[in-house]
*Asks:* 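Here it is, the structure in full.
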Amino acid sequence: MDTTMFCFQCEQTAGCAGCMGAAGVCGKTAATAQVQDELTGALVGLALTVQAAKAAEGVKAAVCDEADNVAMEGLFATLTNVDFDDASLRALTARAHAERDRIAAALGVEAASDYDLALLWNAPEDVRSLKSLVLFGLRGVAAYAYHAAVLGYRDETVSAFLHQGLASLADNEAGADELLPLALRVGEVNLRCMELLDQANTETFGTPEPTQVARTIEPGPFIVVSGHDLLDLKLVLDQAAGRGVNVYTHGELLPAHAYPLFKQYPHLRGNLGTAWQNQREEFANLPAPILFTTNCLMPPAASYADRVFTTGPVAFPGMARIDANKDFGPVIESALELGGFAEPRAVAAEEGAWLTTGFGHGAILGLADAVVDAVKQGAISHFFLVGGCDGARPGRGYFRDFVRRTPADSVVLTLACGKFRFNDLDLGTVAGLPRLMDMGQCNDAYGAIRVAVALAEAFECGVNDLPLTLVLSWYEQKAVSILLSLLNLGIKGIYLGPTLPAFVSPGVLDVLVREFDVHPISTPEEDLAVILACAEGGVAG
C-alpha cells in the first residue's frame with residue numbers, strides 16, 4: 001500500500017494544488033485515498049461492462065437496479081468527508097466486481113478490467129482537468145440521486161448517465177473537444193437529478209414555508225442529527241417520540257424545520273451549530289449523541305468520538321454504526337444515558353436566538369407578482385444569490401462582508417452551508433420582503449434556478465439579462481455539479497471563490513472565462529462595484 005496520495009477534488013486541498021503526503025487536509029489517509037481510487041476504478045470497469053451489455057438482447061433483465069445502486073453509492077462514498085472506512089469502501093468495490101461479473105456472464109460480454117486512476121492523474125494537463133471535472137461532477141450527481149432514491153424516486157436518464165460518464169474516463173483518445181461537452185452534459189443531467197430530488201422532498205415532506213428556528217437547547221436528553229438526509233431525520237423523530245428525548249438539527253439539516261411534515265413533531269426543538277468545519281468545537285462538550293446521516297463528517301475528536309453514530313453512506317472506522325434497518329434505538333438510549341443539559345443552553349447568543357429558513361422556490365414564486373412589481377417600480381434594484389459550501393480555508397469572511405455591503409434595496413438569496421457565514425445578519429426588509437432569504441440545503445439549488453427562470457419569463461428576457469448575480473462559494477463535489485448545471489444553462493458572470501478548483505487547468509480556466517465569464521472573487525468592494533456598474537439600466541429600465 002502506498003504511503004503517499006494524490007487528491008485535489010476539494011477546495012481545501014494542500015497548497016491549492018493537491019494533497020500528496022501521508023494524509024489529506026480532510027483527514028483521509030493515503031491508504032484510504034488509494035482504496036477510494038480502487039473503488040472508482042472498479043466503478044469504471046462496471047460501467048464499461050454495462051455499456052457493452054446495452055448492445056445485447058435481454059439487457060433489461062440483466063442490468064438491474066443493483067448496477068445503478070453500486071454506481072450511485074460508490075460515487076457518493078468517494079465524495080469528500082463521507083466515507084473514511086476502508087472496510088466499507090472495499091465492500092463497495094466487491095459489489096462492483098460482483099455486479100460486473102454477473103452482467104458479463106448473463107449476456108456473454110467481456111467483463112471489463114478495473115480502470116487505473118493513475119492514468120487520469122497523469123494524463124495531459126487539460127485532459128486531466130476535464131476528466132476530473134466530469135468525475136467530480138458525477139460524484140455530486142450521485143449524491144443527489146441517492147437522496148432521491150431513498151425516498152423512492154429514480155430516473156433512468158440519471159442512472160444511465162452515471163455509467164456513461166464513468167465509462168468515458170477510460171477513453172484515452174478523448175480530447176478537449178469531446179470532454180468539455182461531456183462535462184456540460186454532467187450539468188444537464190444534474191439539473192434533472194436536482195429536479196427529481198425537489199419533487200421527492202416536497203411530495204414526501206410538503207412545500208417548505210418561512211419558519212423561525214430556535215437556537216437554544218432545552219433541558220433534558222437530546223440527539224443532534226447532522227448531514228443532509230431528511231428521511232433519516234424523520235425516522236429518528238418517529239422512534240424518539242414519547243421517549244422524553246428532544247432532537248436538534250445541525251448544519252445542512254436546518255431547512256428541515258420549514259417542511260410541514262416536520263412541524264408535526266414537537267420534540268424537534270431547534271438547530272444547533274453552523275457549518276461542517278466547526279463541528280469539532282460545537283460537539284466537544286455536548287452531553288448528547290451526534291448522528292451523521294451523510295456528508296460532511298470530519299474525523300471525530302477524542303472529546304466526542306464515543307458519542308458519534310453514522311448511518312447511510314457516511315462511515316468512519318471505530319464509530320458506532322446504524323445499519324440499513326435504521327434502528328436508531330442505540331442513539332436514543334445514548335441520549336437518555338447522557339441526560340443532556342440541566343438548564344437551557346443558548347448555543348449562539350451572540351448571533352441571535354433564532355434563524356429563519358424556508359424561502360424555497362414555492363414560497364418565493366408565491367410572491368412573484370409582488371417581486372416583479374417591486375423591480376418595475378424601482379423598489380428592488382438587484383438580486384444576489386450568495387451561497388454554496390462553507391469551508392475552513394481563510395478568505396471565506398469575504399462572503400459575510402459582501403452580504404453586509406449589498407445595497408439596502410437589494411435582495412440576498414442564499415442556500416447550502418455557506419449561508420452560515422452571514423445568516424445571522426439582520427438585513428431588514430425591502431418592498432415588504434425580507435432582504436435575506438434562506439432557500440435551503442445545497443440539495444435545494446434547483447429551487448434557485450426555478451426562481452431565476454421564472455423571473456426571466458416574467459420580464460420576457462434571458463436569465464443573463466436579469467438584475468441577478470451569483471456569488472458562489474465551493475468546497476466539494478456537489479458544488480462542482482451545480483456549477484456545471486449553471487454553465488450548461490448558459491448562465492454567465494458567476495463569481496466563484498474563495499479559490500479556484502485546483503483541478504481546473506489554465507487552459508480550461510481560459511475557456512470558462514472566455515465562454516462563460518466566470519470570475520474569481522477579489523474583494524467585496526471591488527466585486528460589488530463591478531457588479532452594480534454592469535447592472536445599471538437593467539430590465540426595470
Side-chain angles (χ1 to χ4, degrees), residues 81-82 213-241 243-259 262 265-316 319-322 326-349 351 353-355 357 390 417 419-420 423 441:
N81 290 63
V82 174
V213 183
R215 308 182 76 189
T216 299
I217 303 176
E218 301 296 330
F222 66 97
I223 298 167
V224 178
V225 185
S226 190
H228 299 70
D229 201 285
L230 296 172
L231 180 59
D232 281 341
L233 175 62
K234 179 184 182 300
L235 295 175
V236 171
L237 289 164
D238 287 338
Q239 295 176 35
R243 299 293 304 276
V245 175
N246 288 327
V247 176
Y248 294 85
T249 56
H250 171 263
E252 279 275 63
L253 274 174
L254 166 66
H257 296 266
Y259 288 92
F262 287 108
Y265 294 95
H267 53 301
L268 179 60
R269 303 297 295 175
N271 185 78
L272 181 156
T274 53
W276 65 271
Q277 78 278 0
N278 300 318
Q279 63 191 251
R280 287 184 165 183
E281 292 75 28
E282 292 170 349
F283 296 160
N285 299 308
L286 291 182
I290 303 105
L291 172 67
F292 282 91
T293 62
T294 55
N295 58 318
C296 299
L297 170 71
M298 296 178 70
S303 58
Y304 63 91
D306 60 342
R307 295 180 274 113
V308 169
F309 293 79
T310 67
T311 193
V314 68
F316 196 89
M319 298 298 100
R321 179 82 180 154
I322 304 298
K326 300 296 183 179
D327 177 7
F328 293 107
V331 186
I332 296 168
E333 293 302 324
S334 175
L336 291 169
E337 180 179 349
L338 290 166
F341 292 112
E343 301 291 338
R345 179 69 62 94
V347 295
E351 298 171 346
W354 301 86
L355 292 175
T357 189
D390 203 4
C417 66
K419 64 175 169 275
F420 286 106
N423 66 340
Q441 298 181 336

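Quick caveat: nothing in here was measured; it's all calculated off a predicted structure.
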*Asks:* What do the steps show when you test Q441 against L253 for side chain to side chain contact (heavy atoms under 4.5 Å, CB included), and what is the final call?
*Replies:* CA-CA 7 Å; Q441 298 181 336; L253 274 174; 3.8 Å; yes
*Asks:* Can you tell me if R280 uses its side chain to pair, donor with acceptor, with the backbone of P299 under 3.5 Å?
*Replies:* yes
*Asks:* Check whether any side-chain heavy atom of F292 sits under 4.5 Å from a side-chain heavy atom of M298, and report yes or no.
*Replies:* no
*Asks:* Please step through side chain to side chain contact (heavy atoms under 4.5 Å, CB included) for the pair F420 and N278, ending with a clear verdict.
*Replies:* CA-CA 11 Å; F420 286 106; N278 300 318; over 6 Å; no
*Asks:* Let me see the working for D238 and F328 under side chain to side chain contact (heavy atoms under 4.5 Å, CB included), right down to the final yes or no.
*Replies:* CA-CA 10 Å; D238 287 338; F328 293 107; over 6 Å; no
*Asks:* Could you tell me whether a side-chain N or O of S334 sits under 3.5 Å from a main-chain N or O of P289, the two making a donor and an acceptor?
*Replies:* no
*Asks:* Between E282 and H250, does any side-chain donor sit less than 3.5 Å from a side-chain acceptor?
*Replies:* yes
*Asks:* Tell me the closest heavy-atom pair linking L297 and A315, and the distance in Å.
*Replies:* CD2-O, 4.0 Å
*Asks:* For a 4.5 angstrom cut-off between non-hydrogen side-chain atoms, does L272 reach L286?
*Replies:* yes
*Asks:* Can you say whether the rings of F262 and Y259 are parallel (under 30°), tilted (30 to 60°) or perpendicular (over 60°)?
*Replies:* perpendicular
*Asks:* At what distance, to the nearest 0.5 angstrom, does CD of E281 lie from OH of Y304?
*Replies:* 8.5 Å
*Asks:* Distance check, rounded to the nearest 0.5 Å: T310 atom OG1 versus I290 atom CD1?
*Replies:* 12.5 Å
*Asks:* Contact between E333 and R243 at the side-chain level, heavy atoms closer than 4.5 Å - yes or no?
*Replies:* yes
*Asks:* Mind checking the NZ-CD spacing from K419 to E252? Nearest 0.5 Å is all I need.
*Replies:* 5.0 Å
*Asks:* Measuring from L355:CG to T249:OG1, what's the distance to the nearest 0.5 Å?
*Replies:* 9.5 Å
*Asks:* Quick check: does any side chain N or O of R307 sit under 3.5 Å from a backbone N or O of A284, one acting as donor and the other as acceptor?
*Replies:* yes
*Asks:* Do the side chain of D306 and the main chain of V308 share a donor and acceptor less than 3.5 angstrom apart?
*Replies:* no
*Asks:* Main chain of K326, side chain of Q239: is a donor-acceptor contact present, judged purely on distance under 3.5 Å?
*Replies:* yes
*Asks:* Would a 4.5 Å heavy-atom cut-off, applied to side chains only, mark T357 and N271 as touching?
*Replies:* no
*Asks:* T294 side chain to H228 main-chain N or O, any donor-acceptor pair under 3.5 Å?
*Replies:* yes
*Asks:* Tell me if a side-chain donor or acceptor on W276 pairs with a main-chain N or O of D390 at a distance below 3.5 Å.
*Replies:* yes
*Asks:* Locate the shortest heavy-atom distance separating T216 from P344; write the atom from each residue and the value.
*Replies:* CG2-CB, 4.2 Å
*Asks:* List the steps and the verdict of side chain to side chain contact (heavy atoms under 4.5 Å, CB included) for T311 and L291.
*Replies:* CA-CA 8 Å; T311 193; L291 172 67; 4.1 Å; yes
*Asks:* Might you point out which heavy atoms bring V314 and R321 nearest each other, and give the distance in Å?
*Replies:* O-NH1, 2.5 Å
*Asks:* Give me the atom names and distance for the closest heavy-atom approach of D229 to L231.
*Replies:* OD1-N, 3.1 Å
*Asks:* Please round to the nearest 0.5 Å and tell me the distance separating atom CD1 of I332 and atom CZ of F222.
*Replies:* 15.0 Å
*Asks:* Okay, side chain of Q279, backbone of C296: is any donor-acceptor separation there less than 3.5 Å?
*Replies:* yes
*Asks:* What's the shortest heavy-atom distance between A335 and I223, and which atoms?
*Replies:* CB-CG1, 3.7 Å
*Asks:* Would the distance check show the side chain of T293 and the main-chain N or O of S226 forming a donor-acceptor pair, the cut-off being under 3.5 Å?
*Replies:* yes
*Asks:* Once you round to the nearest 0.5 Å, how far does CE of M319 lie from CZ of F309?
*Replies:* 10.5 Å
